[in-house]
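Structure record follows, encoded as structure tokens.
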Amino acid sequence: MKKYLVSGLGISDGGVGRLMRKLIVQSEAAGFITVLRRNPKPIGKMLQGRQYLGVAFEMVLRIIDNIKFAWRVWGIRKSVILFVHPQTAGFARLLNLTVKNKIYFYVMDNSFFCIRSYNLNPELETECLRCVSNSELALSMCQPFPVKMDKEKNLKYLEQLKKVAHQITFLAQNLSQAELVRARFGPRTKVSIVGMDTGELEQSIQVTKFDKNRVVPCYDLVFHGAPQLAKGIKFFIELAETLEQVTAFIPASRKKCEQVIGRPIDAKNITFSECTWETGLKDVVRNSELVLNPSLWSAPIEGALQKSVYFAKKVAVVESEFGYEREFVSSEKFIRLPRNVSAAAIVVQGVLEGSAIKCADESQLGIIFPKQSLNIFEMIVKGEV
């Protein structure tokens with residue numbers, strides 16, 4: 001039988017895009033044929049830069065890519081398929097492929113029951129599980145994300161997926177995600193836990209050692225994640241505003257954060273600076289007192305949390321029912337915070353008062369080390385999943 005890796009996302013600097021970089025290499029080594037969509041360029045930015053010819057060219061490329069991808073997927077028959085990211089690859093294609101193929105669905109987020117992909121209640125901004133039993137219970141405020149589509153069509157796809165789930169082997173990143181898959185599709189659903197490893201952590205360990213002589217800012221609190229509500233950016237800002245005496249750092253612009261939370265941010269104790277892990281955030285994380293990865297949804301393994309756990313002196317997360325964070329053992333290094341900001345502020349204050357800020361050294365690293373993923377393609381070939 002032929003073997004395929006089918007994904008709606010290719011290589012990029014995003015979370016799934018970074019994972020795809022590693023999956024493509026592994027898949028080709030295992031004899032899999034890769035069928036990927038082209039990563040589109042942001043038309044909005046091109047319009048802002050008045051690159052009108054570039055916009056026209058991009059639209060043509062998108063049409064060509066859609067046709068090419070659809071044709072290649074349509075031609076797959078009697079094969080083994082590792083399927084990734086149905087929001088961009090197409091739920092209809094996933095459903096059609098289950099008819100004459102053996103499907104392994106590598107679960108990236110919670111799009112298998114939640115049209116928002118990140119199951120965050122848009123009103124309460126808390127972990128939301130109302131659609132696990134029935135997607136039709138989606139709130140009126142909920143809309144498909146990250147790909148815009150008709151809401152009713154998305155809900156219909158999710159119910160159809162539930163009907164054919166017995167024909168699919170789900171590959172979950174962690175134990176809690178596997179529990180969610182079974183809660184959605186039934187206790188007999190075929191699920192294997194395979195982890196998630198973008199290769200970033202290993203690369204970060206190998207690339208550089210911490211230069212103690214280099215001047216790097218030290219902050220009380222550091223936000224490590226994308227500036228999104230589901231990733232807890234509003235929670236972090238409100239926490240920093242409550243603790244006026246602490247210093248806080250966010251690796252994004254003030255303007256971007258204000259757009260996300262929908263109001264001005266006047267706090268003087270928060271430093272905003274756009275940077276990536278490779279362009280400064282790594283040093284800030286290693287040098288500061290407490291790093292927060294406050295995802296508010298049922299987050300599986302996130303690269304930001306993996307790196308924080310390895311490099312930061314102390315890490316804080318927000319308690320969840322089905323998030324990866326619940327699989328860690330609480331310790332002086334790994335702290336769980338309540339969702340209530342006022343209550344969380346009391347905990348954080350106690351943590352900060354428990355030890356003075358000092359630069360991290362090598363002996364403090366690697367106290368907790370998350371499990372790395374297995375080679376999924378080798379497991380499929382050997383029949384281990």
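Members clustered with Leu61: Phe57, by chain and number, using a 4.5 Å side-chain heavy-atom cutoff among hydrophobic residues.
Listed by chain and residue number, Arg38, Pro40, Ile43, Glu58 satisfy the side chain to side chain contact (heavy atoms under 4.5 Å, CB included) test with Arg62 (two or more places apart in sequence, or in another chain). Contacts of Arg182 classified as side chain to side chain contact (heavy atoms under 4.5 Å, CB included), with partners at least two apart in sequence or in another chain: Ala178, Val191.
Aromatic ring centres of Phe170 and Tyr104: separated by at least 6.0 Å.
The aromatic rings of Trp297 and Tyr118 are tilted relative to each other, their planes meeting at an angle between 30° and 60°.
Here CG of Leu82 is found 7.0 Å from CG of Leu23. Values are rounded to the nearest 0.5 Å. To the nearest 0.5 angstrom, Ile250 atom CD1 is 6.0 Å from Ile265 atom CD1. Atom OG of residue Ser192 and atom CG of residue Leu171 lie 6.0 Å apart, to the nearest 0.5 angstrom. Atom CG of Asn110 is separated from atom CD1 of Ile115 by 13.0 Å, given to the nearest 0.5 angstrom. A distance of 13.5 Å separates CZ of Arg116 from OG of Ser111, quoted to the nearest 0.5 Å.
Screening residues 244-265 for ring pair (Phe, Tyr, Trp, His ring centres under 6.0 Å), with sequence neighbours left out, gives Tyr219-Phe249. Sorted by first then second residue, the ring pair (Phe, Tyr, Trp, His ring centres under 6.0 Å) pairs that include residues 258-281, not counting sequence neighbours, are His224-Trp277, Trp277-Phe311.
Side-chain atoms of Arg336 and Ser330 form a donor-acceptor pair, as typed in the model, at a separation below 3.5 Å. Of the N and O atoms on the side chains of Glu321 and Ser298, not one donor lies less than 3.5 Å from an acceptor on the other residue. Under the 3.5 Å distance criterion, with hydrogens and angles disregarded, no donor-acceptor pair is assigned to the side chains of Asn269 and Thr247.
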Compile the donor-acceptor pairs under 3.5 Å between side chains in residues 152-164 and protein atoms, sequence neighbours left out, one pair per line.
{"from": "Glu159", "atom 1": "OE2", "to": "Ser135", "atom 2": "N", "distance (Å)": "3.3"}
{"from": "Glu159", "atom 1": "OE2", "to": "Arg184", "atom 2": "NH2", "distance (Å)": "3.3"}
{"from": "Lys162", "atom 1": "NZ", "to": "Ser133", "atom 2": "O", "distance (Å)": "2.8"}

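The side-chain contact (heavy atoms from CB on, under 4.5 Å) test with Ser288 singles out one residue from Leu221, Asp283, Val222, and that residue is Val222.
Under the 4.0 Å criterion applied to side-chain N and carboxylate O atoms, Lys313 and Glu289 are assigned as salt-bridge partners. With salt bridges taken as basic N to acidic carboxylate O contacts below 4.0 Å, one links Glu302 and Lys231.
Counting heavy atoms from C-beta outward, Phe328 and Val317 have side chains that stay 4.5 Å or more apart.
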